[in-house]
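In this text the structure is predicted, and so the values were computed from the model without any measurement. Order of the sequence lines sets the chain letters (A, B, ...), proteins ahead of strands, with each chain counted from 1.
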Amino acid sequence: MRSLAEASDPDLFKKTKTERKHELPELPGAVEGKVVMRVAPGPSGPLHLGHTRVSILNDEYVKRYKGKYIDRIEDTNPDKIDPDAYKMIPEDLKWLGVEVHETVVQSERFELYYSVARQLIDMGKAYICTCEAEAWRDMKEKGQACPHRDQSPEEGHELLDRMLSHSFGEEEAVLVVKTDLAHPNPAIRDFIGLRIVDSVLHPRTGDRYTVYPMMNFSVAVDDHFLGLTHVIRGKDHLNNTLRQEYIFDYFGWKKPWYHHYGLVQIPDAILKTSTVRQGILRGEYTGWDDVRLGTVRAMAKRGIKAEAIRRYWIDVGMKEVDIEFAWDNLFAFNKQIIDPVASRYFFVWDPQVLEITGTDRIEARSPVHPDHPERGTRDHVLLPPIKVYLTAEDLAGFKERGTVRLKDLCNLRWEDGRGVYTGNDHNVLREGVKIAHWAPYDGMRGEVHMPDGTVRSGIMERIPCEEEDKVVQFERFGFSRIESISPKVVAYFTQ
RNA sequence: GCUCCCGUAGUGUAGUCCGGUCAAUCAUUCGGGCCUUUCGAGUCCGACACCCGGGUUCAAAUCCCGGCGGGAGCACCA
């Protein structure tokens, strides 16, 4: 099929060929139709740029091997749950083009975690600890066992029963998974598997369950029972993987293939969910999609295409080196996508009126897209008194040089604060006459919201309503996504 | 402090496993040229890198040792 397409469209072939340059490597042990992968966000808010890497990388592989993609909502910390996130996360994944085959919510699986905990107690691989948190940590730091570590399975079950029946309060008892207290890496000595939270109600389960699994516990259990074959995630989980592997080993479960890519430092991005939430509540941000934010919905609002984000992460790949997120590269991928389709329009910021004399009728025909004449023209007829808008900067330049060409319209000579019509021969450009864009006197009021929160307002030529929600190019300004057109044009700057 | 991971241009990346074809790839960025008319568009040309030091070898970005540098974890967060 592809060779056919390539033969009929050499340009297409050329493009795919260069893009393929940075293809992701094969996954070890991947069998077509058998691959199961996941994304596992905590529902504290919508997805942000940082989440897109793990979401897309896993999706790429699932698609390549025709496998299964699981969206696992890790809502085991009732203190950090935004109920709206259960809805926003799937929306964000969908926008990203991630194809989810199954959604799993951890708060629906308490019984499973409890039963695995019981089995670990039976095997002598877990114990209930009622030490003070700090004392337990100190002992662990020194590689010492706490007094509960060698309790019998019977005692363990009994104490777990008491945890489950609310006879312990918060921080009074935990289930600890044994690893190796002598392990040289203090990060992976015995870790907590279950804890009690009864001061906060869970938005989904209320007060029905107060014994919550900790991430390393529920992740190991779910990765096994959901049949994960490959796990790709950030390097920050390196030590977590080591811990989780103990549980796999105790049960003799087959471990997924793990890969940890390097950390991403995203410059100039506001990502932290708690900060954003506060900002929204205080009215500093308009919402989760405020274009100053690094959320997925902010990207969408700005006119960043999901495909650009995807190409960017594929280009970055899976290396373990820590990297700095390069907005320029993302924008470059985005430009590849939007430039061929974005309609061109004039937007005059800092607008100044210029009167034109020496003619009583001027017609302008500008292509909607210079590379696609079939998309038609934007036509303007100017009749006396002829007035147009120029940017303050262009007007000053005109005054200084004495000449200017208004794009697609006419040439002008500066005279007594007005522009005198001097014809429409664009060859004047070869003589060094500068070109400027303009907006008709009866143009639309419009504003472009910049990612830094500033607003550029001015006059735009008439923009048809079908451009709503589309990315256009304001010539000599940049790409912007049109949010709404009436009563005035509101646009968000893309790049 | 302990443990682990990593170190190719401003940024990202290919190559590192299986030394030579690597005076090192591609993209972005930056500089310059071109284009019967925008541009932060397109196109062409150019610029910039193998962390350092030793060793092995005819030959090292690639293997070994040491140093230096960066990052992560050591949570009753995920």
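Across all strands, A:F331 comes closer than 4.0 Å to no nucleic acid atom at all (heavy-atom distances). If you check every strand for non-hydrogen atoms under 4.0 Å, A:N427 touches nothing. If you check every strand for non-hydrogen atoms under 4.0 Å, A:A332 touches sugar and phosphate atoms only. Using a 4.0 Å heavy-atom criterion, one finds that A:R137 contacts the sugar-phosphate atoms exclusively. Contact annotation for A:M214: backbone-only contact, meaning every heavy-atom pair under 4.0 Å involves sugar-phosphate atoms and none involves a base. A:C131 comes within 4.0 angstrom of a base, heavy atoms only. Counting non-hydrogen atoms under 4.0 angstrom, A:P370 reaches a base of the nucleic acid. Across all strands shown, A:E324 has heavy atoms under 4.0 Å from sugar-phosphate atoms exclusively, and none from any base. Within 4.0 Å of A:E141, counting heavy atoms only, lies at least one base atom of the nucleic acid. Nucleic acid contact class of A:N240 (heavy atoms, under 4.0 Å, all strands): base. Within 4.0 Å (heavy atoms only), A:W327 reaches no atom of the nucleic acid at all.
Spacing between atom NE2 of A:H369 and atom P of B:U37 amounts to 14 Å, rounded to whole angstrom units. Between the P atom of B:C74 and the CE atom of A:M139 lies a distance of 19 Å, rounded to the nearest Å. We find that CZ of A:R476 is positioned 15 Å from P of B:U37, with the value rounded to whole Å. Atom pair A:F474:CZ and B:C39:P shows a separation of 17 Å (rounding to whole Å applied). A:L181 places its CG atom 17 Å from the P atom of B:U3, with the value rounded to the nearest Å. For A:Y261 and B:U13, the OH to C1' distance is 17 Å, given to the nearest whole Å. Here the C1' atom of nucleotide B:U11 and the CD1 atom of A:I266 are 14 Å apart, to the nearest Å. In this structure, A:E475 places its CD atom 14 Å from C1' of B:G42, rounding to the nearest Å.
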What pairs of nitrogen or oxygen atoms, one from the protein and one from nucleotides 5-9 of chain B, lie under 3.5 Å apart?
residue	atom	partner	partner atom	Å
B:C6	OP1	A:E320	OE1	3.2

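Between the side chains of A:N216 and A:Q244, at least one donor N or O lies within less than 3.5 Å of an accepting N or O. In this model, no donor atom of one side chain and acceptor atom of the other lie less than 3.5 Å apart for A:D180 and A:H183. Looking only at atom types and distance, the side chain of A:N185 has a donor-acceptor partner in the side chain of A:N239 under 3.5 Å away. No hydrogens or angles considered: a donor-acceptor pair under 3.5 Å links the side chains of A:H437 and A:R476. Using modelled atom types, one finds a donor on one side chain and an acceptor on the other under 3.5 Å when comparing A:N77 with A:R195.
Atom P of B:U36 sits at a distance of 44 Å from the matching atom of B:U8, rounded to the whole Å. On the P atoms, B:G46 is 30 Å away from B:G53, given to the nearest whole Å. As rounded to the nearest Å, B:A27 and B:A41 have P atoms that lie 16 Å from one another. Between the P atoms of B:U25 and B:C64, the separation comes to 25 Å (whole Å). Look at the P atom in both B:G55 and B:C30: the space between them is 43 Å, to the nearest Å. Taking atom P in both B:A59 and B:G20, the straight-line distance is 15 Å, to the nearest Å. If you take atom C1' in B:C48 and the same atom in B:C26, they sit 15 Å apart, rounded to whole Å. The gap from the C1' atom of B:C58 to that of B:U43 amounts to 46 Å, rounded to the nearest Å.
Taking the side chain of A:Q473 as heavy atoms from C-beta on, and the options B:U29, B:C76, B:C39, the nearest nucleotide is B:C39. Proximity note for A:R405 (side chain, C-beta onward) versus B:G73, B:U37, B:C39: the nearest is B:U37. Of the listed nucleotides (B:G73, B:U38, B:G12), B:G12 has the atom at the smallest distance from the side chain of A:I323. In the set B:C77, B:U38, B:G12, the nucleotide with an atom closest to the side chain of A:K407 is B:U38. Considering only the side chain of A:I435, B:U38 comes nearest among B:U38, B:C4, B:U11. Proximity note for A:W136 (side chain, C-beta onward) versus B:G73, B:G12, B:C76: the nearest is B:C76. For A:P186, the side-chain atoms get nearest to B:U3 when compared with the rest of B:U37, B:U3, B:A78. In the set B:A27, B:U37, B:C76, B:C76 carries the atom at the smallest distance from any side-chain atom of A:E171. Side-chain proximity of A:H237 to the nucleotides B:U28, B:G42, B:A78 is greatest for B:A78.
Residue A:D190 is tested with A:R149, A:R243, A:K125 for a salt bridge (charged side-chain N to carboxylate O under 4.0 Å, His left out); the sole match is A:R149.
Aromatic ring pairs are classed by plane angle as parallel below 30°, tilted from 30° to 60° and perpendicular above 60°; the pair A:F493 and A:F477 is perpendicular.
To the nearest 0.5 Å, atoms CG (A:D223) and CE (A:M37) are separated by 11.0 Å. Distance CG/A:D222 to CZ/A:R38: 9.0 Å, rounded to 0.5 Å.
At a threshold of 4.5 Å between non-hydrogen side-chain atoms, the residues A:D207 and A:D198 do not count as touching.
Open room surrounds CD on A:E132; 12 or fewer heavy atoms of other groups in view lie less than 6.0 Å from it.
Judged as a side chain to side chain contact (heavy atoms under 4.5 Å, CB included), and not counting sequence neighbours, the contacts of A:P267 are A:E324, A:F325, A:W327.
Between A:R378 and A:E475, at least one side-chain N (NZ, or NE/NH1/NH2) sits under 4.0 Å from a carboxylate O, which counts as a salt bridge.
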How does RNA chain B look in dot-bracket notation if pairs are Watson-Crick or G-U with both distances under 3.5 Å, crossing ones as [ ], other-strand ones as |?
(((((((..(((.......[.....)))((((((.......))))))...(((((..]....))))))))))))....
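Between A:F493 and A:Y312, the residue whose closest nucleotide on RNA chain B is further toward the 5' end is A:Y312.
Contact between the side-chain N/O atoms of A:T76 and the OP1/OP2 oxygens of B:A78 is found at a separation under 4.0 Å.
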